[in-house]
Amino acid sequence: MKTKGDWMIMPAGIPNCPRGLEYLTTVDQLLVKQKVELLEAFTGFETNNKFSIKNALGQKVYYAVEENDCCTRNMCGPSRPFDMKIFDNYRNEVIHMHRPLACSSCLCMCCLQSIEVSAPPGNVIGSVEQEWSICAPSFRIKNQLDEVVLRIEGPICTFSLCGDVEFNIMSLTGENIGKISKQWSGLAREIFTDADFFGITFPLDLDVRMKAVLLGATFLIDAMFFEKSGNRETDRPGML
């Protein structure tokens, strides 16, 4: 695949593909890298998260920018609602994600975490919904018809001790077809920032809409389990 600079060139001639998702037709892996914000690293003051999204060759596919206000970020911390805007090389917003405010306690069954994904913005293609659990986290992946098409099963402990933390992507028949991995990024980075690395793997022939929804699942998992409030680690076993 040729590049324009270090960006992936959009494949052409893909029928029935939402505008901007053509990039996802030729990939079975994505690397999501959060940009380190120096203000947040040194002061603990929450800033809007920014991410670069690359393919397995290291070519940029998208970049993502969190959008909310300063008060919400610093009052609500990791539980904050947000909109995530995903842009391509031409600065077109091709994917929009919305995470509403919801309770983070496992004791509240009626207000679980979710994120809705639209591509192009305004056209809902799917969503991610947390399933109630007090042990290992799990999620439902739904399509635009609100049908469950995949599930995600996480580990009992999401605390990274010099290793990756893996959330398995499962088919409805129980087959493991991929994973979302929070990758160890080094001791200093882990201690002083909440800037994370994630790897996503999925079948090459998976519907591009579901690939985009799995990207949304990555941002939701990051917010729920790996965002630190004031750069303080607050992880606990299971969903407690």
Side-chain angles (χ1 to χ4, degrees), residues 1-35 48-57 59-69 72 80-102 113-130 139-150 152 169 178 180 198-223:
M1 180 67 63
K2 294 180 180 179
T3 62
K4 179 181 179 182
D6 58 351
W7 282 83
M8 177 180 178
I9 296 297
M10 183 176 70
I14 309 297
N16 303 316
C17 181
R19 176 179 54 83
L21 299 192
E22 295 92 343
Y23 299 94
L24 300 179
T25 59
T26 61
V27 300
D28 60 1
Q29 299 180 54
L30 290 172
L31 176 65
V32 180
K33 181 180 179 181
Q34 185 176 348
K35 180 181 177 182
N48 271 335
N49 289 330
K50 300 179 180 66
F51 303 84
S52 65
I53 302 164
K54 299 182 179 182
N55 62 18
L57 300 177
Q59 302 164 353
K60 294 180 185 177
V61 182
Y62 303 116
Y63 67 95
V65 179
E66 177 188 353
E67 187 175 87
N68 53 29
D69 60 79
T72 298
R80 64 185 180 266
F82 61 74
D83 288 281
M84 190 72 71
K85 295 185 175 182
I86 315 294
F87 298 91
D88 65 10
N89 181 34
Y90 304 99
R91 298 185 179 181
N92 297 316
E93 185 185 357
V94 295
I95 306 172
H96 188 96
M97 303 174 181
H98 174 67
R99 179 202 187 191
L101 179 65
Q113 300 288 325
S114 65
I115 192 166
E116 184 181 73
V117 181
S118 300
N123 179 48
V124 176
I125 60 170
S127 62
V128 183
E129 296 180 358
Q130 179 189 3
F139 302 86
R140 294 184 293 266
I141 304 298
K142 292 186 173 183
N143 62 16
Q144 69 272 25
L145 301 176
D146 205 36
E147 301 168 334
V148 178
V149 293
L150 296 170
I152 295 176
I169 302 169
I180 297 172
F198 287 88
I200 317 170
T201 61
F202 38 64
L204 181 63
D205 60 354
L206 184 66
D207 187 329
V208 291
R209 296 167 182 82
M210 293 304 99
K211 292 181 182 181
V213 174
L214 288 173
L215 181 60
T218 304
F219 291 123
L220 181 61
I221 287 170
D222 179 36

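It should be emphasised that the depicted structure is a prediction, and the values quoted were computed from it without experimental measurement.
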From [X] atom [atom1] to [Y] atom [atom2], the distance as rounded to the nearest 0.5 Å:
X    : Y   : atom1 : atom2 : result
I86  : N92 : CD1   : CG    : 13.5 Å
R209 : C17 : CZ    : SG    : 7.0 Å
D88  : I53 : CG    : CD1   : 11.0 Å
D205 : T25 : CG    : OG1   : 12.0 Å
L204 : T26 : CG    : OG1   : 7.5 Å
E22  : M10 : CD    : CE    : 4.5 Å

Does any non-hydrogen side-chain atom of [Y] lie less than 4.5 Å from one of [X]?
X    : Y    : value
L30  : L214 : no
Y23  : I14  : no
V213 : N143 : no
Y63  : W7   : yes
N89  : K60  : no
L24  : Y62  : yes
K54  : D6   : no
I221 : F139 : yes

Determine the minimum heavy-atom distance between [X] and [Y], stating which atoms define it.
X    : Y    : result
I141 : I152 : CD1-CD1, 3.7 Å
A119 : P18  : O-CB, 3.6 Å
K211 : P203 : CE-O, 3.5 Å
I180 : I169 : CG1-CD1, 4.2 Å
P121 : S118 : CA-CB, 4.1 Å
V27  : F202 : O-CE1, 3.3 Å

Item checked: Worked check of side chain to side chain contact (heavy atoms under 4.5 Å, CB included) between K142 and E129 -> CA-CA 8 Å; K142 292 186 173 183; E129 296 180 358; 3.2 Å; yes

Next item on the list: Run the numbers on L21 and I95 for side chain to side chain contact (heavy atoms under 4.5 Å, CB included), then give the verdict.
Entry: CA-CA 8 Å; L21 299 192; I95 306 172; 3.6 Å; yes

Margin query: By the definition side-chain contact (heavy atoms from CB on, under 4.5 Å), identify the one residue from E67, E66, H98, M97 that meets it with F82.
Written below: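 Result: among E67, E66, H98, M97, E66 is the only option passing the side-chain contact (heavy atoms from CB on, under 4.5 Å) with F82.
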
Notebook entry, point to check: Which of these passes side-chain contact (heavy atoms from CB on, under 4.5 Å) with V117: N123, V124, I125, L215?
Noted result: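 Result for side-chain contact (heavy atoms from CB on, under 4.5 Å) with V117: I125.
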
Next item on the list: Taking the six-membered ring for Trp and the full ring for Phe, Tyr or His, determine whether the centres of F51 and F198 are under 6.0 Å apart.
Entry: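 No; F198 has its ring centre 6.0 Å or more from that of F51.
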
Note to self: With a 3.5 Å distance limit and no angle check, can you tell me whether Q59 reaches the backbone of M8 through a side-chain donor-acceptor pair?
What the structure shows: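 Here the side-chain-to-backbone pair does not exist.
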
